[in-house]
Amino acid sequence: MSRHPEVKWAQRVDKVYVTVQLPDSKNAKVDLTPDGTFTFSASAGSADNQYELKLELFDKVNVEESKINVGVRSIFCVVQKAEEGWWKRLLRAEGKPPHYVKVDWDKWVDEDEEEGAGEPDLGGMDFSKFGGMGMGDDPMGAMGAMGGMGGMDFSKFGGMGMGDDAMGDMDESDDEGN
């Protein structure tokens, strides 16, 4: 039996941001069709649990202009809408969405506030396009080319550039008079 990963979403007038939250996913496969069908499958966890989902998006999308980034903690997709306009909801079906689909409030912008909002901070992600990715039979070819952390040197993050004495010469006393 497969499980459903958590999905977060936000939108702009011309695109939808979809984030599949699945840390340490393996063999991730993502597919997007012009009619708005978004499918995902991967395994994760020490028991290699299988995760799958199929989302029928609210409207048609432009697959060629849509992008994807497979990272260590999540799979992030920028889905280009076929026609500009605000969607009433993420999914085509009316009613309450599945419990694993949630609004991404970190990226959300209201329709009347979009003018000055700009793009969310995507942290320099390396995006590949959905179109022509060959996601079907090539388990490592297309996925391996998608990046991830791409040679980042984490050794510099240890002290965050603060040296050994990160607190400096701060007085440890709470007394205001001393």
Side-chain angles (χ1 to χ4, degrees), residues 1-45 48-114 117 119-120 122-123 125-143 145-148:
M1 184 174 103
S2 66
R3 302 171 184 208
H4 298 289
E6 181 177 297
V7 176
K8 290 184 171 186
W9 78 285
Q11 72 172 316
R12 300 293 185 273
V13 73
D14 61 336
K15 62 187 68 129
V16 176
Y17 301 112
V18 178
T19 306
V20 179
Q21 305 276 82
L22 190 61
D24 303 320
S25 65
K26 297 178 219 134
N27 302 319
K29 291 184 178 75
V30 182
D31 191 40
L32 182 66
T33 62
D35 71 341
T37 302
F38 178 93
T39 55
F40 170 83
S41 67
S43 59
D48 270 343
N49 295 317
Q50 191 64 32
Y51 290 83
E52 294 179 351
L53 65 89
K54 181 177 180 180
L55 303 174
E56 299 289 337
L57 301 179
F58 184 77
D59 206 352
K60 293 183 168 115
V61 299
N62 182 339
V63 175
E64 296 299 318
E65 294 300 315
S66 297
K67 301 172 187 169
I68 182 172
N69 175 269
V70 178
V72 176
R73 308 227 27 94
S74 62
I75 292 84
F76 183 72
C77 306
V78 179
V79 178
Q80 199 69 34
K81 295 177 181 176
E83 294 180 24
E84 287 192 5
W86 286 87
W87 292 357
K88 295 184 239 178
R89 57 191 173 272
L90 175 65
L91 304 177
R92 196 170 298 149
E94 292 189 32
K96 189 175 179 181
H99 67 90
Y100 52 86
V101 176
K102 301 174 179 167
V103 172
D104 189 341
W105 295 112
D106 293 333
K107 293 180 183 70
W108 189 266
V109 174
D110 287 331
E111 187 173 350
D112 59 345
E113 296 173 352
E114 183 181 27
E119 297 292 319
L122 304 179
M125 290 184 192
D126 173 30
F127 285 96
S128 298
K129 296 208 179 230
F130 271 99
M133 276 186 53
M135 298 292 287
D137 298 327
D138 187 12
M140 284 311 290
M143 293 301 291
M146 279 193 233

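Quick note: residue numbers are just sequence positions, from 1. Nothing here was measured: the structure is a model prediction, and the numbers come from that model.
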F38 and D31, any side-chain heavy atoms less than 4.5 Å apart: no
Set of side-chain contact (heavy atoms from CB on, under 4.5 Å) partners for S43, sequence neighbours left out: K26, N27, D48, Q50
Derivation and outcome, side-chain contact (heavy atoms from CB on, under 4.5 Å), residues F58 and Q11: CA-CA 12 Å; F58 184 77; Q11 72 172 316; over 6 Å; no
Non-hydrogen side-chain atoms of I75 and N69 separated by less than 4.5 Å: no
Heavy-atom side-chain contact between S74 and Q21 under 4.5 Å: yes
Nearest non-hydrogen partners of V63 and P34, listed with the distance: CG2-N, 3.5 Å
Pairs touching residues 69-88 that satisfy salt bridge (Lys or Arg N to Asp or Glu O under 4.0 Å), sequence neighbours left out: none
Flag side-chain contact, heavy atom, 4.5 Å: L55 against V101: yes
Minimum side-chain heavy-atom gap S25-Y51 below 4.5 Å: no
Side-chain donor/acceptor of R89 to backbone N/O of L91, under 3.5 Å: yes
Nearest atoms (heavy-atom pairs only) where A28 meets F40: CB-CE1, 4.2 Å
Qualifying residues under side-chain contact (heavy atoms from CB on, under 4.5 Å), relative to E56, sequence neighbours excluded: T37, K54, R92
Test side-chain contact (heavy atoms from CB on, under 4.5 Å) applied to V7 and L53, step by step: CA-CA 9 Å; V7 176; L53 65 89; 3.4 Å; yes
Heavy-atom pair of closest approach, residues W87 and V61: CH2-CG1, 4.1 Å
Plane angle bin for W108 and W9 - parallel if under 30°, tilted between 30 and 60°, otherwise perpendicular: perpendicular
Side-chain touch R12/Y17, heavy atoms, less than 4.5 angstrom: yes
